[in-house]
Chemist: 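Before I ask anything, let me first share the structure, which is written out below as structure tokens.
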Amino acid sequence: MTRILITSALPYINGVKHLGNLSGSMLPADVYARYRRARGDEVMFVCATDEHGTPAELAALEAGQDVEAYCTEQHEIQKSLGERFGCSWAVFGRSSSPQNRELTQHFARALWKQGLLEVRTTKQVYSHAEKRFLPDRYVIGTCPHCGYERARGDQCENCTRVLDPTDLIDARSALSGSREIEIRDSAHLFLKQSQFVGRLREWIDGHEKDWPALVKSIARKWLDEGLNDRGITRDLSWGVPVPDDIGDGQLAGKVFYVWFDAPIEYIGATKEWADANGRGDEWLKWWRPENPSDVTYVEFMAKDNVPFHTVGFPVTIMGSGENWKLVDRIKGFNWLTYYGGKFSTSQKRGVFMDKALEIQPADAWRWYLTFNAPEGADSSFTWEHFAGTVNKDLADVFGNFVNRITRFTASRFEGKVPGEGEYGEDEKALEADLDSRIAKYAAYMNDIEYRKALTELRAIWVAGNEYLTKAAPWTHFKTDTTKAAVGVRMGLNLVRLFACLSAPVIPTIAKAAYEAFAPAPETLPWPDRPMADYLDGLEAGAAVTPPAVLVAKITDEFVEAWKARFGGAE
RNA sequence: GGCAGCGUAGCUCAGCGGUAGAGCAGGGGAAUCAUAAUCCCUUGGUCGGGGGUUCAAAUCCCUCCGCUGCUACCA
């Protein structure tokens with residue numbers, strides 16, 4: 001049995017995520033996890049909240065909570081939303097967990113021992129008003145280049161020049177506006193990434209064929225531009241503390257930078273899973289397998305995350321000198337846009353996970369977002385497109401197929417699978433067509449090419465409708481019930497087939513369709529047999545219960561209402 | 001400024017060296033089991049502009065225009 005380790009980029013803790021976050025990591029990872037399980041693989045699917053860092057502290061401040069309570073609450077909200085979207089992770093952990101603290105410190109010590117960490121003194125902005133250090137972007141002032149008055153300390157948004165906080169004229173805190181800020185020396189740990197350029201390049205080149213162009217291109221860009229050593233600690237209180245035995249106490253009171261500890265939480269969360277389920281050291285079999293090829297590790301993320309997964313985290317792993325599992329496949333996504341623009345929390349533009357579930361069931365979103373995954377380029381969400389896709393694909397082509405044949409069975413065949421008659425030429429042609437289409441569908445799923453995979457899946461549903469039109473059991477029923485029975489039996493078998501093939505993407509709808517015949521198991525069985533065999537698998541005389549309408553259609557009125565509510569094409 | 005991606009039918013996208021494709025929308029027809037759902041046929045593009053390489057370019061190169069994103073202390 002193949003062992004597949006799947007991680008989804010960790011959603012940041014500061015509030016409910018929008019559909020873009022869902023479509024770029026959690027959802028595609030879940031579809032893949034469900035698919036691999038259906039194919040009989042042993043799957044470890046891991047996700048967690050990324051909780052450390054300044055934005056979390058500030059969000060907590062704004063919410064009037066202490067940061068730990070805030071994170072605990074937000075973690076529960078995100079966990080619940082993910083589950084309601086059908087995310088079938090083994091564990092949804094927290095980067096603030098004791099397990100991650102221990103592992104993060106472990107990796108830091110390992111890197112320290114390998115001589116890959118170095119203490120350097122850096123200039124940091126300290127604000128007296130907030131009594132804290134400020135990240136560069138939280139310092140604002142007048143841009144020395146263009147005179148823009150609200151330039152950020154990391155970059156001027158007006159002239160796009162990269163800045164240093166010390167460049168700013170009339171620098172002040174972006175939080176309080178206070179000008180009582182000063183530059184202080186502060187010691188930090190730097191990871192000597194620059195030493196790894198050769199190894200990283202070799203590693204990336206080794207994945208020429210199995211990584212998307214997007215991922216390779218972003219990764220190489222970083223290497224080509226000259227990889228700088230990177231500061232991995234921060235002057236904050238909310239984070240994994242730097243252990244005393246690193247840096248001779250020069251780093252007392254500091255924490256690791258979120259980008260150091262967040263990817264380690266993939267491992268931490270797996271340990272959280274083991275600890276919570278009494279699995280002892282079983283997490284190690286995923287992360288430190290005896291032979292690296294015992295586990296296939298696949299990461300899902302949007303493009304903003306690619307550098308950290310192709311450079312930062314691999315350097316941590318490689319530099320540790322220990323045999324931790326390095327990622328095998330990286331599936332990177334572009335952005336899902338909202339009417340061509342950015343989803344924006346601050347501008348309340350776009351759709352967020354909680355609101356999305358208020359207006360449509362999870363599977364409608366799952367289908368739309370997977371079918372329109374931003375694989376090759378940014379992909380534009382519009383309400384019209386969403387409604388059209390749900391109505392046409394899910395309700396009409398799939399849902400109605402299930403409905404028409406099961407109800408016909410109920411009204412004309414006493415709600416039982418008819419056993420009369422033999423399959424003929426039309427059935428054989430359909431079986432051959434489906435054998436070939438299912439093979440293509442599976443191949444695209446193996447490649448994690450969702451647009452192509454779902455195009456094929458939809459074509460499979462269409463083939464069912466084509467068949468039924470041709471077989472026309474409602475016509476034959478009047479003159480030749482045996483001939484009608486053949487068409488109905490095939491139609492019913494197709495329902496079960498479609499349910500099993502579709503389950504990774506639309507688990508709830510698939511389950512409901514499957515239950516026309518029998519209670520559904522946790523994972524619907526993949527049709528691993530030739531169609532000639534599979535499509536006569538339902539037992540003659542078995543009861544057929546037409547499910548309630550599987551997919552409700554979305555009316556134009558709803559589309560208009562949603563556009564008004566969420567902000568539409570302006 | 002630098003870097004990356006994109007610009008193909010009304011819309012969303014695929015194709016990435018060999019005489020333009022899909023889904024939706026539009027038009028016509030068939031059928032009536034079904035959520036007026038399905039099935040068949042069909043209109044529609046000088047592949048952003050210009051130049052070049054080639055027997056042959058949407059596909060490779062150059063250049064221009066437009067859109068989007070990233071630019072390492074937001075994650």
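Hydrogens, waters and symmetry mates play no part in the numbers below; they use all other heavy atoms, side chains included. Residue numbers start from 1 in every chain, and the chains themselves are labelled A, B, ... in the order their sequence lines are given, proteins ahead of strands.
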Chemist: B/rU32, OP1 or OP2 - any side-chain N/O from A/R404 closer than 4.0 Å?
Modeler: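 For B/rU32, neither OP1 nor OP2 has a side-chain N or O of A/R404 closer than 4.0 Å.
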Chemist: Can you tell me how far P in B/rA20 sits from the matching atom in B/rA57, rounded to whole Å?
Modeler: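 Straight-line distance between the two P atoms is 11 Å.
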Chemist: Counting any heavy atom closer than 4.0 Å, what does A/G399 reach on the DNA or RNA strands: base, sugar-phosphate only, or nothing?
Modeler: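 Base contact.
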Chemist: Checking ring-ring contact (aromatic ring centres under 6.0 Å, His included) against A/W461, which of A/W367, A/F401, A/Y441 comes through?
Modeler: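 It is A/W367, the one option of A/W367, A/F401, A/Y441 that forms the ring-ring contact (aromatic ring centres under 6.0 Å, His included) with A/W461.
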Chemist: Want to settle it: does A/A472 or A/N372 sit nearer the 5' end of RNA chain B, counting the closest nucleotide to each?
Modeler: A/N372
Chemist: From the list B/rU68, B/rC33, B/rU12, which nucleotide is the closest neighbour of the side chain of A/H385?
Modeler: B/rU12
Chemist: On a whole-Å scale, what distance lies between the C1' atoms belonging to B/rG23 and B/rU8?
Modeler: 15 Å
Chemist: Select from A/V551 and A/P135 the residue whose nearest nucleotide in RNA chain B is closer to the 5' end of that strand.
Modeler: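 Nearest nucleotide further toward 5': that of A/V551.
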Chemist: Sticking with atom C1', work out how far B/rG50 lies from B/rG10, rounded to a whole angstrom.
Modeler: 27 Å
Chemist: Determine the sole option in A/R94, A/Q74, A/K79 for which the side-chain contact (heavy atoms from CB on, under 4.5 Å) test with A/T49 is passed.
Modeler: A/R94
Chemist: With P as the reference atom in both, quote the distance from B/rU32 to B/rC24 in angstrom, rounded to an integer.
Modeler: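 23 Å, rounded to whole Å.
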Chemist: Base, sugar-phosphate, or nothing for A/V549, non-hydrogen atoms under 4.0 angstrom?
Modeler: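 Since a base atom lies under 4.0 Å of A/V549, the category is base.
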Chemist: Using the side-chain heavy atoms of A/W474, tell me which of these nucleotides is nearest: B/rA34, B/rA31, B/rC40.
Modeler: B/rA31
Chemist: Look at the side chain of A/D304 and decide which nucleotide, out of B/rA75, B/rA37, B/rC73, has an atom nearest to it.
Modeler: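 For the A/D304 side chain, the nearest candidate turns out to be B/rA75.
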Chemist: For RNA chain B, report each stem as range with range, ordered by first number, or say none. Use Watson-Crick or G-U wobble pairs under 3.5 Å, at least 3 in a row.
Modeler: B:1-7 with B:65-71, B:10-13 with B:21-24, B:26-30 with B:38-42, B:48-52 with B:60-64
Chemist: Between B/rA75, B/rU38, B/rA31, which nucleotide has the shortest distance from any of its atoms to the side chain of A/V258?
Modeler: B/rA75
Chemist: Across the strands shown, which category fits A/D50 at heavy-atom distances under 4.0 angstrom: base, sugar-phosphate, nothing?
Modeler: sugar-phosphate
Chemist: For A/Y368 together with A/F381, are the ring centres under 6.0 Å from each other?
Modeler: yes
Chemist: Any side-chain N or O of A/K392 below 4.0 angstrom from OP1/OP2 of B/rU38?
Modeler: yes
Chemist: Considering only side-chain heavy atoms of A/S380, which listed nucleotide, B/rC13, B/rA75, B/rC73, is closest?
Modeler: B/rC13
Chemist: Which of these nucleotides, B/rA75, B/rC33, B/rC39, is closest to any side-chain atom of A/P55?
Modeler: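 Looking only at side-chain atoms, A/P55 lies closest to B/rA75.
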Chemist: Using a cut-off of strictly less than 4.0 Å between a heavy atom of the residue and any atom of RNA chain B, enumerate the qualifying residues of residues 483-491 of chain A by number.
Modeler: none
Chemist: Side chain of A/N400, base of B/rA34: donor and acceptor closer than 3.5 Å?
Modeler: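 By the distance-only test, yes, there is a pair.
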Chemist: Does the side chain of A/V139 come within less than 4.5 Å of A/R152's, by heavy atoms?
Modeler: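 Answer no - side chains too far apart.
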Chemist: Can you find a side chain N or O atom of A/R458 that sits less than 4.0 Å from OP1 or OP2 on B/rC24?
Modeler: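 Looking at the OP1 and OP2 atoms of B/rC24, one of them is under 4.0 Å from a side-chain N or O of A/R458.
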Chemist: Does the structure place the NZ or CZ of A/K331 under 6.0 Å from the centre of the six-membered ring of A/F333, at an angle of no more than 45° from the ring's axis?
Modeler: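 That pair qualifies as a cation-pi contact.
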Chemist: Taking only side-chain nitrogens and oxygens of A/K553, does any of them come within less than 4.0 Å of OP1 or OP2 of B/rA36?
Modeler: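 No, A/K553 has no side-chain N/O under 4.0 Å of OP1/OP2 on B/rA36.
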Chemist: Which whole number of Å gives the distance between the C1' atom of B/rC39 and that of B/rG44?
Modeler: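 The answer is 22 Å between these two C1' atoms.
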Chemist: How is A/I405 classified with respect to the nucleic acid when contacts are heavy atoms under 4.0 Å: base, sugar-phosphate, or nothing?
Modeler: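 Touches nothing.
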Chemist: Could you check, using the six-membered ring where one of them is a Trp, whether A/Y266 and A/H309 have ring centers closer than 6.0 angstrom?
Modeler: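 Aromatic pair counts; centres sit under 6.0 Å.
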Chemist: Could you give the NZ-to-C1' distance, from A/K303 to B/rU71, as a whole number of Å?
Modeler: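 One finds 13 Å between C1' of B/rU71 and NZ of A/K303, rounded.
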Chemist: Looking at every strand, decide which applies to A/N228 at a 4.0 Å heavy-atom threshold: base, sugar-phosphate, or nothing.
Modeler: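 Result for A/N228 = base.
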Chemist: A/K452 near the nucleic acid: base, sugar-phosphate alone, or nothing, with a heavy-atom cut-off under 4.0 Å?
Modeler: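 Sugar-phosphate, no base atom in range.
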Chemist: Write down the distance separating the P atoms in B/rU59 and B/rU19, rounded off to the nearest Å.
Modeler: 15 Å
Chemist: Is the shortest side-chain N/O distance from A/R137 to OP1 or OP2 of B/rC73 below 4.0 Å?
Modeler: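 Negative; the distance criterion is not met.
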Chemist: Taking atom types as modelled, find out whether A/S96 and A/E51 have a side-chain donor-acceptor pair closer than 3.5 angstrom.
Modeler: yes
Chemist: Please pick, from B/rC33, B/rU38, B/rC13, the nucleotide with the shortest atom-to-atom distance to any side-chain atom of A/F408.
Modeler: B/rC33
Chemist: Would A/Y339 and A/W383 count as a ring-ring contact (aromatic ring centres under 6.0 Å, His included) if you check the C-alpha gap in whole Å, the side-chain angles of each, and the deciding distance to 0.1 Å?
Modeler: CA-CA 9 Å; A/Y339 285 89; A/W383 287 108; 8.1 Å; no
Chemist: For the P atoms, the ones on B/rA9 and on B/rG49, what distance do you get once it is rounded to whole angstrom?
Modeler: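 Each nucleotide's P atom is 11 Å from the other's.
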Chemist: Are A/S178 and A/E130 close enough that a side-chain donor and a side-chain acceptor fall under 3.5 Å?
Modeler: no
Chemist: Give a yes or no on whether the ring-centroid distance for A/F413 and A/F477 is below 6.0 angstrom.
Modeler: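 Aromatic pair counts; centres sit under 6.0 Å.
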Chemist: Hey, are A/W238 and A/Y70 close enough side-chain-wise for a donor-acceptor pair under 3.5 Å?
Modeler: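 The answer is no; no qualifying pair exists.
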Chemist: Among B/rC39, B/rC73, B/rU38, which nucleotide has an atom closest to any side-chain atom of A/V462?
Modeler: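 Nearest to the side-chain atoms of A/V462, counting from C-beta on, is B/rC39.
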Chemist: Figure out the CG/P separation between A/D167 and B/rG1, and round it to whole Å.
Modeler: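 It works out to 19 Å between those atoms.
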Chemist: Can you see if the side chain of A/Y257 gets near the phosphate of B/rA75 - specifically, an N or O under 4.0 Å from OP1 or OP2?
Modeler: yes
Chemist: On a whole-Å scale, what distance lies between the P atoms belonging to B/rC65 and B/rU54?
Modeler: 28 Å
Chemist: Heavy atoms only, 4.0 Å cut-off, all strands: where does A/S379 land among base, sugar-phosphate and nothing?
Modeler: sugar-phosphate
